[in-house]
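Report on the structure given below.
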Protein chains: 2
Amino acid sequence: MAARKAPEDRRAELLRAAVAVIARRGFAAVTLRDVAAEAGVAHGLLRHYFRSRGDLLAAAFDLAAGEDAAQLPASPPSPAAHLLDRCEPLPDQHYLLWIDAWSEAPRSPELAAILRRHHSSCERAADGAIREGNARGLWSCPDPAGAATAFEAQLDGLAVQLYALHRIDREGYARLARSAAEGLLGLGPGGLAAAADRERVPAT
Amino acid sequence: MAARKAPEDRRAELLRAAVAVIARRGFAAVTLRDVAAEAGVAHGLLRHYFRSRGDLLAAAFDLAAGEDAAQLPASPPSPAAHLLDRCEPLPDQHYLLWIDAWSEAPRSPELAAILRRHHSSCERAADGAIREGNARGLWSCPDPAGAATAFEAQLDGLAVQLYALHRIDREGYARLARSAAEGLLGLGPGGLAAAADRERVPAT
DNA sequence: TACCGTGTTGTCCATGCGGACAACAGCGCG
DNA sequence: CGCGCTGTTGTCCGCATGGACAACACGGTA
């Protein structure tokens with residue numbers, strides 16, 4: 001049925017299938033048979049690549065989260081542009097995976113560790129951007145670390161409203177995220193976009 | 001084994017057991033046998049009170065969310081006190097239920113409807129408090145509806161960090177929540193508590 | 001007291017699960 | 001050419017699940 005493949009390719013294929021099934025059914029309801037069917041493969045093959053169901057799920061989420069992180073620009077153009085960029089909602093499916101992972105974290109130490117690692121990474125980027133903006137005089141934020149945590153939490157909470165509950169739309173998400181960021185940085189309405197413009201053309 | 005009881009009492013007892021099991025195992029992993037064991041009852045009895053597993057879970061979450069809502073003070077002492085109060089973290093178990101429900105919502109229209117109802121209710125209270133504060137001159141918020149949505153989302157996001165990931169502690173939660181609220185309302189640090197004090201003694 | 005309604009139980013069933021494993025197939029090396 | 005390594009399959013097992021149901025127990029009523 002399924003042609004023989006290079007182990008690494010096959011492994012990645014299985015992980016991608018697992019991500020798709022997790023997004024569709026939720027972590028707890030994922031079945032090895034579902035994943036195998038998604039990949040077009042006998043379910044026994046999964047045992048050949050992963051020791052257990054738990055291993056597969058953790059590896060799958062780690063891959064998906066890693067790809068999300070890789071999509072952020074490697075060298076952010078400017079602090080304001082970085083924060084402004086994070087105010088744009090992601091493609092639909094991604095955040096549902098995160099929300100599901102949150103709910104699973106209290107019962108899966110391994111998943112919790114992966115989640116904490118990725119959240120820390122995002123937060124560190126935001127913290128760096130806020131400090132850099134302080135240094136460049138774009139804004140004056142007395143508590144960059146706290147503001148970074150609050151900013152990331154704000155995005156997560158808005159994502160719940162947008163992706164899980166459909167109580168806001170993508171434009172509302174972006175508007176409220178920008179407004180919250182401006183509040184945290186002590187900027188007025190439109191201040192973030194203005195700061196980004198100011199950075200794009202260093203000297204007026 | 002279990003003594004005969006009044007139907008309403010027994011039903012409430014089963015729902016409370018279900019809430020406990022949901023909090024412990026997560027929605028998707030809840031077993032009728034788990035719930036029955038938690039309640040000290042034969043699992044067949046659940047069929048006597050609920051048509052299906054889905055019915056039981058939805059009714060259980062609705063009960064828990066309703067009880068959470070009932071714990072909010074009936075007539076908020078003052079707008080500032082209301083918002084300040086919501087910045088205090090809830091008892092641990094409650095929010096895990098909410099996070100789990102978010103992740104289940106995209107696959108359960110009934111649960112999604114219950115969630116939207118309760119979120120709307122909380123948000124409406126915050127919106128009212130913000131408008132009332134505007135009217136009393138405690139602060140000046142140009143977009144109360146947006147601020148209410150953002151405030152609730154901020155609390156939800158911080159709850160994820162606190163309850164699911166343990167990346168902040170209860171004090172950090174309260175501090176960041178207050179700070180975010182002040183940002184949304186255009187108040188300086190400590191401005192919320194100051195407004196609450198000012199309200200407690202109407203005229204200096 | 002006898003009886004009936006109903007809350008409660010224990011058991012049964014079909015289904016689907018994760019995991020184990022023996023057998024098969026095809027490629028590359030000797 | 002033959003052979004072994006390994007990716008792949010299909011099948012089997014023990015087990016837990018949601019649901020169905022007949023039998024039981026007990027309180028209220030006649």
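Here the structure is a predicted model, which is why all the values come from computation and not from measurement. Numbers restart at 1 for each chain; the letters A, B, ... are given by sequence-line order, proteins then strands.
For B/Arg16 and B/Glu67, the salt-bridge test passes: some basic side-chain N is under 4.0 Å from an acidic carboxylate O.
Across all strands shown, A/Leu32 has heavy atoms under 4.0 Å from sugar-phosphate atoms exclusively, and none from any base. Residue contacts shown for A/Val30 are limited to sugar-phosphate atoms, with no base heavy atom under 4.0 Å away.
Heavy-atom neighbours of A/Glu110 CD from other residues, nucleotides or ligands within 6.0 Å: at or below the threshold of 12.
Between the CG atom of A/Asp34 and the P atom of C/dT15 there is a distance of 18 Å, rounded to whole Å. Atom CG of B/Asp9 is separated from atom P of C/dG7 by 12 Å (rounded to the nearest Å).
Residue A/Ala105 comes nearest to A/Ala112 through the heavy atom pair O-CB, 3.8 Å, listed as atom of the first residue, atom of the second, then distance.
A donor-acceptor contact under 3.5 Å is not formed by the side chain of B/His43 with the base of C/dG10.
Contact annotation: A/Tyr49 side-chain N/O to D/dT8 OP1/OP2 distance is under 4.0 Å. A/His48 has no side-chain polar atom (N or O) that falls below the 4.0 Å cut-off from OP1 or OP2 of D/dT8. Considering only side-chain N and O atoms, B/Arg47 lies nowhere under 4.0 angstrom from the phosphate OP1 or OP2 of D/dG19. A close approach under 4.0 Å does occur between a side-chain nitrogen or oxygen of A/Arg10 and OP1 or OP2 of D/dT8.
Nearest-nucleotide assignment on DNA chain D puts the 5′-proximal partner with A/Leu46, out of A/Arg33 and A/Leu46.
Ring planes of B/Tyr95 and B/Tyr163: parallel class, angle under 30° (limits at 30 and 60°).
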